[in-house]
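For reference, the structure is listed below as structure tokens.
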Amino acid sequence: MKKYDYVLVGSGLYAGVFAWYAKKHGKSCLVVERRSQPGGNIYCQEIEGIHVHQYGAHIFHTSNKKVWDFVNGLAEFNRYTNSPVACYKGEMYNLPFNMNTFHKLWGVCTPKEAMEKIREQQADIQGEPNNLEEQAIRLVGRDIYERLIKGYTEKQWGRDCKDLPSFIIRRLPVRYTYDNNYFNDRYQGIPIGGYNVLTEKLFAGCDMELGRDFLEDREYYAEAGETIVYTGPIDAYYGYRFGKLEYRSLRFETEVLDEPNYQGNAVVNYTERKVPYTRIIEHKHFEFGTQEKTVITREYPAEWTPGTEPYYPVNDEKNAGLYRQYYQLAQNEAHVIFGGRLAEYQYYDMDKVIESAMNRAEQEFGEK
Ligand code: FAD
Ligand code: UDP
């Protein structure tokens, strides 16, 4: 008999949801986290009474009622609706691409006029779009592509839009209504009190070791638990034996400002290539804060190198092929469960990570 039923590697949402189910079924869990605090990418640091999203702005949205009910059972959510604004050469445009954007850009007032404009501009893209550039022009025309997409995307991914897969841009809605809601999902909000409220509930009753890297002490942890739930990068688990998967990383610069309202919105994107950051987040607006000061974060995209944080998997063909090789190895592990954004190498939103962990846990514990 080992000391724990499960050793969870990482303390993000995947591990948290799995741990919550494990405890519900009377199992014991040890959590190993290499950072000095739990929560993975949803961790919030409190500065000047404001919950600062330390690893990038996180807005919860889902159409999955089961997931929504689950998170609402842990924390109460506010009515925040994400409506970012894009700044291009000092002009402000509403996102996602909708009638407000089209009106600002072309002076058109009706959906018919907007569609006509886009039809004219997409005429040179024939057949199935082969890459992000073609997909973007097909969706919204060349003007929007050049002002609001090209610069932002090339900064974000460090690659030419012609070398990126088209699905990245299909994440964004295109609407012929005057609706600035960034998401199409049925449910949306921010947990009141910040995301740490969720983390505390998910891991309640688990033993936790912070500032410890599982990969540096594998034998010890293999001895400690019957099953490992691994949520770190899958290639690192296998010592990069087939090569390194690529990621995009980010650098955050956070500042406290002695004013109550810096930009009037939680998210402002900077879509010009020559502005080095992609967006400025003003955290208090996620929770309608009325503090005297404000905290802003500039988000700079960065090349990922081992030792820096891997934020976004780069889901192109080369990396997909490499991932498949690691996935084959993972299939043969009897006592290791791989899950989450890094172990599944998927560009997952929070709700998808929760769904994936719920499914795996229900399978593990025979629940339906
Ligand atoms: P993570 O949260 O990354 O947790 C993995 C944990 O494992 C980390 O804490 C890591 O330190 C730890 N770990 C890794 N290796 C080891 C090791 N060897 N030993 C010990 N610990 C280890 N989703 C949304 O739904 N809405 C959003 O608005 C949104 N915004 C985002 C913005 C940014 C900038 C990013 C990067 C992501 C965003 N996401 C958003 C996605 C969201 O962050 C993820 O879906 C979710 O947090 C992933 O949870 P996870 O448990 O898979 O991974
Ligand atoms: N995007 C863009 N301009 C913007 C915002 C987004 O071109 O002002 C593109 C960019 O390619 C980005 C993708 O849309 O990678 C998805 O954006 P999203 O906001 O969903 O990215 P995330 O929140 O995951 O960083």
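Counting starts at 1 for both ligands and their atoms, in listed order.
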Which of these, [options], has its nearest heavy atom closest to [atom]?
| atom | options | answer |
| --- | --- | --- |
| atom 15 (N) of ligand 1 | R212, E33, R34 | R34 |
| atom 40 (C) of ligand 1 | H58, R35, E216 | H58 |
| atom 30 (N) of ligand 1 | G56, A57, A15 | A57 |

Backbone N or O of E219 within a donor-acceptor pair of the E223 side chain at under 3.5 Å? no
Without swapping roles, check the side chain of Q121 against the backbone of D143 for a donor-acceptor pair under 3.5 Å. yes
May I ask you to decide whether E272 forms a salt bridge with K155, counting only side-chain N to carboxylate O separations under 4.0 Å?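 Not counted as a salt bridge, because no side-chain N and carboxylate O are separated by less than 4.0 Å.
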For atom 25 (O) of ligand 1, is the nearest protein heavy atom closer than 4.0 Å?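 Under the 4.0 Å cut-off, atom 25 (O) of ligand 1 does have protein heavy-atom neighbours.
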Any chance the rings of Y14 and Y348 have centres within less than 6.0 Å?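 Here the rings of Y348 and Y14 have centres that are no less than 6.0 Å from each other.
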Ligand 1 to [X] polar contact by distance, N or O atoms, under 3.5 Å:
| X | answer |
| --- | --- |
| Y311 | no |
| F214 | yes |
| Y230 | no |
| F252 | no |
| R341 | yes |
| N41 | yes |
| P233 | no |
| Y348 | yes |

Just checking [X]: does its [atom1] atom have more than 12 heavy atoms from other residues, nucleotides or ligands closer to it than 6.0 angstrom?
| X | atom1 | value |
| --- | --- | --- |
| E128 | CD | no |
| Q331 | CD | yes |
| E292 | CD | no |
| E333 | CD | yes |

Pick one: which of [options] meets ring-ring contact (aromatic ring centres under 6.0 Å, His included) with [X]?
| X | options | answer |
| --- | --- | --- |
| Y247 | Y312, Y347, Y345 | Y345 |
| Y6 | W20, F365, F203 | F365 |
| Y277 | Y270, F252, Y152 | Y270 |

Please determine if R218 forms a cation-pi arrangement with Y237, meaning its NZ or CZ atom is less than 6.0 Å from the six-membered ring centre and no more than 45° off the ring axis. yes
Kindly indicate whether a cation-pi arrangement holds for R279 with Y300, taking the cut-offs as under 6.0 Å to the six-membered ring centre and within 45° of the axis. no
Under 4.0 Å, counting heavy atoms only: does F60 come that close to any atom of ligand 1?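 Distance cut 4.0 Å: F60 fails for ligand 1.
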Check contact between Y55 and ligand 1, using heavy atoms of the residue and a distance below 4.0 angstrom.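 Contact check Y55 vs ligand 1: positive.
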Near ligand 2, at a heavy-atom separation below 4.0 Å: residues by chain and residue number: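 Within the 4.0 Å shell of ligand 2, which is judged on heavy atoms, sit L95, L148, I149, Y152, T153, Q156, W157, I168, I169, R171, L172, Y182, N269, T271, R279, Y312, Y347.
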Heavy atom of the protein closest to atom 28 (O) of ligand 1 (residue, atom name, distance):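 Going atom by atom, the protein heavy atom closest to atom 28 (O) of ligand 1 ends up being I59 N, 2.8 Å.
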Could you find the nearest protein heavy atom to atom 7 (O) of ligand 1 and give me its residue, atom name and distance? G10 CA, 3.2 Å
Proximal ligand 1 atoms for Y312, defined as those under 4.0 Å from one of its heavy atoms: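 Near Y312, meaning under 4.0 Å from one of its heavy atoms, ligand 1 has 33 (C), 34 (C).
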Return yes if a side-chain donor-acceptor contact under 3.5 Å exists between N196 and E46, otherwise no. no
